[in-house]
There are 2 protein chains.
Amino acid sequence: MPTWEETLSQAGCRITEPRRAVMTVLAQAERSLVPQEIFALGIKLHATLSLVTVYRTLELFEELSLVRRVHQDDKCHGYLLTAAGHRHVLVCEGCGRAVEFPGQDDLVALIARVEECTGYQVEAHLLQLVGVCPHCQ
Amino acid sequence: MPTWEETLSQAGCRITEPRRAVMTVLAQAERSLVPQEIFALGIKLHATLSLVTVYRTLELFEELSLVRRVHQDDKCHGYLLTAAGHRHVLVCEGCGRAVEFPGQDDLVALIARVEECTGYQVEAHLLQLVGVCPHCQ
DNA sequence: TCCCTTATTGCAACTTATTTGCAATAATTA
DNA sequence: TAATTATTGCAAATAAGTTGCAATAAGGGA
Ligand SMILES: [Mn+2]
Ligand SMILES: [Mn+2]
Ligand SMILES: [Zn+2]
Ligand SMILES: [Zn+2]
């Protein structure tokens with residue numbers, strides 16, 4: 001698996017200080033962060049970082065699948081670094097800490113059944129679990 | 001299962017024209033609608049309806065589990081009438097038409113495994129499928 | 001290493017989206 | 001029908017996200 005720098009380069013994008021800052025912040029985070037939070041932490045790493053750039057960077061990173069967006073009841077636009085190969089996320093409702101887990105196979109049967117019943121052709125899915133992390137129990 | 005009017009009454013809330021309008025709009029919708037859309041349709045049923053009231057009504061309805069919020073890549077705040085007993089939703093990426101389907105059981109094994117692996121205690125889940133409806137195929 | 005080209009940034013201004021205070025209104029209950 | 005009080009709509013305030021544009025800084029080649 002390529003590094004994020006390689007992914008950027010191969011996409012013809014430049015590796016810049018603001019992008020480095022955003023990536024570092026996300027890499028060190030132990031829960032999903034909203035743009036505002038990423039900005040607040042990122043400005044410590046790159047003094048001239050702007051919120052606008054955070055938005056643009058997240059959009060780019062999401063396109064390149066470097067980050068994933070998590071949906072919660074309250075805040076809907078938290079961002080999380082994408083773990084390689086994993087697809088699903090489990091978020092702690094106490095502290096927001098999130099872990100990713102594989103499990104594609106578990107849904108295959110379910111999806112087949114739903115397709116049969118509804119006539120829809122399922123192309124993607126969003127599975128997100130909410131719970132309490134060991135820390136918060 | 002109680003009607004939405006009963007649910008409201010039992011919660012000590014009043015059954016008003018604006019709320020009736022919002023509920024009617026959602027009941028007639030064949031896809032999830034954002035507040036703005038609900039307002040546009042609702043004002044035809046209740047001429048003095050305001051967008052502010054739509055927001056407040058949706059918040060109330062969501063608390064009472066009368067409506068559910070669907071999360072999509074683009075718009076994250078679509079609302080859908082809650083179908084009794086059902087938990088999951090399948091949204092058409094073409095036209096937005098949505099159907100709900102049961103399937104709690106399918107996730108039991110997966111959730112047990114995830115709890116084991118992560119130490120989290122899973123309390124809820126968000127499973128949303130995206131596909132193409134028969135209409136759009 | 002220095003230059004050149006051009007992707008990227010940050011500012012400022014703008015557009016939505018959502019929230020809140022408050023007086024007027026309308027749904028209940030007696 | 002009247003009294004009570006939840007609810008509404010307006011106006012104004014926030015918050016969230018977007019866009020135009022000139023200044024800046026990657027990074028490929030000389
Ligand atoms: Mn999955
Ligand atoms: Mn969302
Ligand atoms: Zn926690
Ligand atoms: Zn469709």
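Reminder, nothing fancy here: chain letters follow the sequence lines and each chain counts from 1.
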Query raised in the report: Base, sugar-phosphate, or nothing: which does B:Arg56 touch, judged by heavy atoms less than 4.0 Å apart?
Result: base
Query raised in the report: What does B:Leu49 touch in the nucleic acid at a heavy-atom separation under 4.0 angstrom: a base, only the sugar-phosphate, or nothing?
Result: sugar-phosphate
Query raised in the report: Looking just at side-chain N and O atoms, do A:His77 and A:Arg69 make a donor-acceptor pair shorter than 3.5 Å?
Result: yes
What's the [atom1]-[atom2] distance between [X] and [N], to the nearest Å?
X       : N      : atom1 : atom2 : value
B:Leu58 : D:dT8  : CG    : P     : 12 Å
A:Glu59 : D:dA16 : CD    : P     : 18 Å
B:Leu51 : D:dA12 : CG    : C1'   : 15 Å
A:Tyr79 : D:dA16 : OH    : P     : 13 Å
A:Glu62 : D:dG17 : CD    : C1'   : 14 Å
A:Glu5  : D:dG27 : CD    : P     : 10 Å
A:His46 : D:dT24 : NE2   : C1'   : 10 Å
B:Ile43 : D:dG9  : CD1   : C1'   : 11 Å

Establish, with yes or no, whether the OP1 or OP2 oxygen of [N] is under 4.0 angstrom from a side-chain nitrogen or oxygen of [X].
X       : N      : value
B:His77 : C:dT18 : yes
B:Thr48 : D:dT8  : no
B:Thr53 : D:dG9  : yes
A:Gln36 : D:dA15 : no

Query raised in the report: Below 4.5 Å, heavy atoms only, C-beta onward: do A:Leu129 and B:Ile111 meet side chain to side chain?
Result: yes
Query raised in the report: When you match A:Leu60 and A:Val52 each to their closest nucleotide on DNA chain C, which lands nearer the 5' end?
Result: A:Leu60
Report summary line: Rounded to the nearest 0.5 Å, the CG atom of B:Leu127 sits from the CG atom of B:Leu110 at a distance of 10.0 Å
Measure from the side-chain heavy atoms of [X] and tell me the nearest of [options].
X       : options               : result
A:Glu17 : C:dT8, D:dA6, D:dA26  : D:dA26
B:Thr16 : C:dT18, C:dG10, D:dT8 : D:dT8
A:Arg19 : D:dT7, D:dG17, C:dT9  : C:dT9
B:Arg14 : C:dA27, C:dT8, C:dG10 : C:dA27

Report task. Decide whether B:Leu26 and B:Val99 are clustered together by the hydrophobic rule: side chain heavy atoms of Ile, Leu, Val, Met, Phe, Trp, Tyr closer than 4.5 Å, transitively. Result -> no
Query raised in the report: So which one's nearest nucleotide on DNA chain D is more toward 5', B:Val54 or B:Gly12?
Result: B:Gly12
Report task. Name the residue closer to the 5' end of DNA chain D, choosing between A:Ile15 and A:Tyr55 according to the nucleotide with the nearest heavy atom. Result -> A:Tyr55
Requested in this report: For atom CD of A:Glu59, decide whether the heavy atoms of other residues, nucleotides or ligands shown that lie under 6.0 angstrom number more than 12.
Outcome: no
Query raised in the report: Does a salt bridge link A:Arg31 with A:Glu37, judged by any charged N lying under 4.0 Å from a carboxylate O?
Result: yes
